[in-house]
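Here the structure is a predicted model, which means the values were calculated and not measured. When a ligand or atom number is given, it counts from 1 through the structure's own listing order.
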Amino acid sequence: MILILEPNAGQESTEYKVLTGQLDRLPGISYRVHREVGAEVTLTEIYLIGNTAALTLEQMQVLPCVEKAVRVSEAYRVLGRHKQGDDRPSSFEYNGVKFGQDSLNVFAGLCAVDSPESVAEMMKALRDNGQVCTRMGAYKPRTNPYAFQGFGAKCLPYVFELAGKYGIKVISMEVTHESHVDEIRAALQATGKPTGVMLQIGTRNTQNFELLKLVGKQQEFPVLIKRGFGITLDESLNAAEYLASEGNRKVIFCLRGMKTNMGDPHRNFVDFSHVPAVKRLTRMPVGIDPSHSVGSRSAAPDGILDLFHVAAQGVVAGANMVLVDFHPNPEKALVDGPQALLISELPHFLEDIALARQAYLQRAALAARHRATQ
Ligand code: PEP
Ligand code: MN
């Protein structure tokens, strides 16, 4: 059971102390407090663990400071969407950008940072096309130990400075180790925080529980977690829950295709039909990564790249974020050149996504109209 407290319920107040005193006396029940400190309000939720079946919502709702009690109906206690009256938010804001189950953000950018020139060219194109988010890989987990592993901390200062110059507010950047988070924090500090970073957990680390705990413990950066490429959806959603259970609930869940040759000729088996399923099961915004799903620039006979087709499919199904690889010169890219879109294709891509988004919004309005007449 979750107790949602009144906004700004102070931990020092007498009411709060009465509440925790009563909780301490409940037999067989322990609890965990989550506090989210916002600019204007601090939200507190208390998670009751143990034999909560014996408690009624009515009994808990009258306790001091409690605004509402919600019975947990899914395994994902913090991020889940529970059946009875769970109207907890499905969005968050970071560095002035809103992320939610009802919005759409495009993160077009470099799979891997390879030079200041590529970064500048990419970011300028984003700025010229009204974009404020991007992806920039500095730490690259590679299958082959001899392959380029990313420039790491060395490239961070120019990536952040250029982001500031071109008005980029959020950069999705994969981390594979605790030290990477420290390096990102230090480089942001040293460059005067010209931008923000969303920490990306790659598909190879979806079940790296110690990394999840570390990234979940900090609340400075939101997290984008990729679905594990060879595990069930439930296992991946539990991985996301690890982040939230440690305190960070600014989490986006990103589909990126499953590893199986059933998906041939695509690099991974595209799983974007799970966009609505994840939105139903959890309150996380759901992203799609068409680049790592499709893995090539193959086009259908209609002249539309498979990459565009699957991105549109995810957006038509209500995706909230598109993470997509671009490169000014894909033949020279150090990682994943064959799947990179050209910078000259950015306006076309964005227009195509806008069409798909329009179709999704019309479909949602249509469903609402029909629901109203049922
Ligand atoms: C990436 O987005 O750069 C990446 C490596 O993706 P994934 O973890 O999904 O393979
Ligand atoms: Mn890649």
Check your understanding: Below 6.0 angstrom between ring centroids: does that apply to F99 and Y94?
Key -> no

Exercise for review: Give the ring-plane orientation class for H180 versus Y139, where under 30° counts as parallel, over 60° as perpendicular and anything between as tilted.
Suggested key: parallel

Check your understanding: Are F209 and Y242 close enough that their ring centers fall under 6.0 Å?
Key -> yes

Point to revise | Ligand-side contact atoms (ligand 1) for residue partner T203, heavy atom cut-off under 4.0 Å | key: 7 (P), 8 (O), 9 (O), 10 (O)

Review point. Considering the options L162, V159, V132, L126, which one meets the side-chain contact (heavy atoms from CB on, under 4.5 Å) requirement together with I168?
Key: L126

Check your understanding: Transitively linked via ILVMFWY side-chain contacts under 4.5 Å: L57 with L5?
Key -> yes

Check your understanding: Counting from 1, what ligand 1 atoms have a heavy atom of G202 closer than 4.0 Å?
Key -> 8 (O)

Review point. What protein heavy atom sits nearest atom 7 (P) of ligand 1, and how far away is it?
Key: K226 NZ, 3.3 Å

Point to revise | Heavy atom of the protein closest to atom 10 (O) of ligand 1 (residue, atom name, distance) | key: R256 NH2, 2.7 Å

Exercise for review: May I ask you to identify the nearest protein heavy atom to atom 3 (O) of ligand 1, giving residue, atom name and distance to one decimal place in Å?
Suggested key: R135 NH2, 2.7 Å

Practice item. Flag the pair E210 and K213 as a salt bridge only when some basic side-chain nitrogen lies within less than 4.0 angstrom of an acidic carboxylate oxygen. Key: yes

Review point. Going hydrophobic residue to hydrophobic residue with side-chain gaps under 4.5 angstrom, can you get from L281 over to I2?
Key: no

**Study point:** Identified side chain to side chain donor-acceptor pair (under 3.5 Å) counterpart of K226 within the set T206, D289, T203
**Key:** D289

Revision key, fill the gap. Of all protein heavy atoms, the one nearest atom 5 (C) of ligand 1 is E174 OE1, 3.7 Å

Review point. Are R227 and ligand 1 in contact, using a heavy-atom cut-off of under 4.0 Å?
Key: no

Point to revise | NZ (K193) with more than 12 external heavy atoms under 6.0 Å | key: no

Review point. Near Q200, which atoms of ligand 1 are under 4.0 Å from a heavy atom of that residue?
Key: 1 (C), 2 (O)

Exercise for review: For the Mn ion (ligand 2), report each protein N, O or S atom nearer than 2.8 Å, sorted by chain and then by residue number.
Suggested key: C111 SG, H292 NE2, D336 OD2

Exercise for review: Compute both the distance and the angle, then confirm whether K259 meets the cation-pi test with F229: under 6.0 Å from the six-membered ring centre, within 45 degrees of the axis.
Suggested key: yes

**Study point:** Protein contact of atom 4 (C) of ligand 1 - nearest heavy atom, named by residue and atom, plus distance
**Key:** H292 NE2, 3.5 Å

